[in-house]
Amino acid sequence: MKKRLCSLIGNSIASCMKGDVFPEAPLPPFEVEPPKEKAHGDYATNAAMVLASAVRKNPRMIAGAIVEHLEDPRGWIEKIEIAGPGFINFFMKPATWAELLLDVDELGERYGSSDMGQGKRVQVEFVSANPTGPLHIGHGRGAVVGDVIASLLSATGHKVSREYYINDAGNQMDTLGRSAYLRYRELLGEEIVYPGECYQGSYIIDLAREIVEKRGTEFLEKDEKECIPFFRDYAGSSILEGIKEDLRVFGIVFDEYFNESELYREDGVRKILEDLEQKGFIYREGPTLWFRTTGFGDEKDRVVIRENGEPTYFAADIAYHLNKYGRGFDRVIDIWGADHHGYIPRMYAGIQALGYSREALEVVLVQLVNLLREGKPVAMSTRSGEFVTLREVVDEVGKDGARYNFLMRRSNSHLDFDLEIAKKQSNENPVYYVQYGHARICSILRTAAEKGFPLPRRGEVNPGLLVLPEETDIIRTIDRFPELVEGSVKALEPHRIPFYLNDLAAQFHSYYNKCRVISEDRELSLARLFLVNCVGLTMRNALGILGVTAPEKM
RNA sequence: GGGCGAUUAGCUCAGAUGGAUAGAGCGUUGGCCUCCGGAGCCAAAGGCCCUGGGUUCGAAUCCCAGAUCGCCUACCA
């Protein structure tokens, strides 16, 4: 609808300029938005006001001219008013709104999708937790945000790859191996002083027990150094498999798992550093190599090769991002925990030194999660290994509840996740409100079919009968869904979708309580069934983007 | 000390590129099916949008300063 109006207004302004009503001027961007106040019509534009300074005329006079020259060949508009400092308010005919449903119905599950991205290739990297322990609740939020951003991108015509980066090269993997090794010996009766820097979680003991069962005591006779690689690889791959399984249960499947160790093949990292050194971005200080990130606005330079000769994670990250661009992505999006925000400037510096623009990397920060139970914080400490795993949460509250709750806040703000509320099957839990609406719609359609009202098709329905204000309101909400998806993608803000769903569900529930869909009036019943089906369809599409199910019964 | 983010109803939070009288959920209070699903609906109460300046036709939104809170500030991973 908005697009239709924009073109009418644009044409009118053009004919005003040609007709010398006001001088030719470059058309500044103007808004056509639904005003908050209903008395101001379905849409309002500030076109006259933004034109005022350009053509040096009074905004109200310009508005008058625009209205006078506006042509409406299809008769969409009921009336137009000029208000306030120069707003033009448009009142559409109810039937104009209702006709939009025909398009919605025809698009079906494609409604809300677009080709905005024009097939651009986008990589979204998220989670990327080290395989040294199971995913915990904090990873869950980043996982869903990344997954839904990826879904939004693919709904808008991007070609998306979901990638998980595995830090499998650092010495924390050796620590993992050593942890399992020590627990192994402990299980076999040795007195062990378990070091604080080793992983504390009980899952290490479980892994050690598995190894005891499979391999017996064979490692007791060998030297620790000989044993570590086995324990490291066994624990690492076993934990990674667990992570993949937890993600799958959570509804997340990656296209690509990228191993950090690949970057080191054929001395890849070192070659990149040499190249950067030649270009003057890197300098030496004894055995240490420093990256001059301050040249790109970072607050201090960063080490890439440590005094002991080992590269830092930053060095690997530079190589990794170069690798990403080398794979031909048009856009690269990283989802990071907010505790990494200090890395942003140096990462920007890194890619700029590599010759890419700052815009080539988009970083979405996801704030940490406060896990609560009945309003009280759940104690968590990674050090002691006492954390609540993602799997536990998903098992307790369900995939839908967990995903929806993670998505209800802007990524950038802290999130309280209350286990008891997320588990409640009541109005306190927002996901049920929406799902219930969808189930209710399905129920109406079932009942209607039983009573001899099959879902009408295009051509069998007269949308002109949908003239109640409540009906037009719902159609308005349905109509803005595609813009909402686009806006959500542009801003990389998935939380807008749950808010939208809540609005849509509220309008539907209210309508349901006020008006009967199925009545004696066959024509009207068919029209309303058609409307209600469009609501359900929009809900399904929106929930689909969120990876939350749209149940037909609850 | 420096950097980043936050600050909007009792609580948790929305308010995209500045727009007309500030929004939702929860909680509180009071109502609503002989009926297509009451996991729902309706109504009421509840606000110095942290403070002070500035920018302009117009500011919760943009700029500057300050206050409070959180996070970051490793040759850790």
Side-chain angles (χ1 to χ4, degrees), chain A residues 29 31 33 35-37 39-40 44 46 49 52-53 59 83-87 89 130 132 167 169-173 175 197 285-290 298-300 302-314 316 337-345 365 367-368 370 372 375 408-410 412-416 418 421 424-437 439-448 450-451 453 483-484 486-488 490-491 493 495-496 498-500 502-503 505-506 508-519 525 528-529 532 553-554:
Chain A
E31 288 179 3
E33 289 298 323
K36 286 177 200 163
E37 196 63 37
H40 297 137
N46 62 353
M49 283 138 78
S53 63
F87 287 105
N89 297 334
N130 296 346
T132 54
N167 288 126
N171 64 29
Q172 92 282 359
M173 292 305 289
T175 304
E197 71 268 18
E285 208 170 76
T288 311
L289 258 62
W290 290 82
D298 197 6
E299 55 184 18
K300 57 174 284 201
R302 307 290 171 176
V303 171
V304 282
I305 299 285
R306 285 184 265 164
E307 197 171 9
N308 65 8
E310 294 203 5
T312 60
Y313 265 66
F314 178 45
D339 52 341
H340 287 75
H341 79 252
Y343 284 64
I344 295 178
L365 288 182
Q367 281 288 352
L368 304 181
N370 296 319
L372 308 173
M408 287 193 318
R409 299 281 174 262
R410 227 172 55 227
N412 209 2
S413 62
H414 289 274
L415 169 73
D416 286 343
D418 194 308
I421 289 177
K424 269 186 194 159
Q425 306 203 354
S426 79
N427 55 356
E428 282 175 75
N429 190 355
V431 68
Y432 284 97
Y433 185 73
V434 175
Q435 289 185 318
Y436 180 64
R440 190 179 236 179
I441 286 168
C442 293
S443 170
I444 294 171
L445 297 175
R446 281 193 299 269
T447 308
E450 282 166 22
K451 292 190 177 174
F453 294 96
E483 298 168 37
L484 177 94
E486 289 194 2
S488 195
K490 283 180 188 160
E493 290 186 352
H495 75 277
R496 297 186 192 184
F499 277 90
Y500 171 81
N502 205 64
D503 278 355
F508 164 70
H509 284 308
S510 175
Y511 175 63
Y512 171 89
N513 271 273
K514 192 163 177 184
C515 304
R516 287 195 62 82
V517 175
I518 305 166
S519 65
S525 300
R528 288 182 171 174
L529 283 169
V532 159
K553 291 181 182 175
M554 295 173 71

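Computed over heavy atoms, backbone and side chain alike; hydrogens, waters and symmetry mates excluded. In what follows, chains are A, B, ... by sequence order, proteins preceding strands, each numbered from 1.
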Scan [X] against the nucleic acid and name what it touches under 4.0 Å (heavy atoms): base, sugar-phosphate only, or nothing.
X: A:Ala44; result: base
X: A:Phe499; result: sugar-phosphate
X: A:Asn308; result: nothing
X: A:Asp503; result: nothing
X: A:Ser413; result: sugar-phosphate
X: A:Cys442; result: nothing

Between A:Asn171 and A:Asn89, the residue closer to the 5' end of RNA chain B by nearest nucleotide is A:Asn89
For [X], what residues pass the ring pair (Phe, Tyr, Trp, His ring centres under 6.0 Å) criterion, not counting sequence neighbours?
X: A:Tyr500; result: A:Phe481
X: A:His414; result: none
X: A:Phe87; result: none
X: A:Tyr343; result: A:His340

Taking side-chain hydrogen bond (donor to acceptor under 3.5 Å, both in side chains) as the test, write out the residues that go with [X], two or more places apart.
X: A:Asp416; result: A:Asn370
X: A:Thr132; result: none
X: A:Tyr436; result: none

Salt bridge (charged side-chain N to carboxylate O under 4.0 Å, His left out) with A:Arg409: which residues, sequence neighbours excluded?
none
For the student: nearest non-hydrogen atoms of A:Leu365 and A:Ala338, plus distance:
CD2-CA, 4.3 Å
The criterion is side chain to side chain contact (heavy atoms under 4.5 Å, CB included); which residues satisfy it with A:Glu450, sequence neighbours excluded?
none
Give each stem of RNA chain B as a range with a range, requiring at least 3 consecutive Watson-Crick or G-U wobble pairs whose two distances are under 3.5 Å.
B:1-7 with B:67-73, B:10-13 with B:23-26, B:28-32 with B:40-44, B:50-54 with B:62-66
Output one line per pair: protein atom, nucleotide atom from nucleotides 41-46 of chain B, and distance, for all N/O pairs under 3.5 Å.
{"unit_1": "B:rC41", "atom_1": "OP1", "unit_2": "A:Tyr433", "atom_2": "OH", "d": "2.4"}
{"unit_1": "B:rC41", "atom_1": "O4'", "unit_2": "A:Asn513", "atom_2": "ND2", "d": "2.9"}
{"unit_1": "B:rC42", "atom_1": "OP1", "unit_2": "A:Ser510", "atom_2": "OG", "d": "2.9"}

Write down the distance separating the P atoms in B:rG1 and B:rG66, rounded off to the nearest Å.
11 Å
Could you measure between the two P atoms, the one in B:rA65 and the one in B:rG27, and give it in whole Å?
43 Å
Check nucleotides 71-73 of chain B for protein N or O atoms closer than 3.5 Å to its own N or O atoms and list the pairs.
none

Do any N or O atoms from the side chain of A:His509 and from the backbone of A:Ala506 form a donor-acceptor pair under 3.5 angstrom?
no
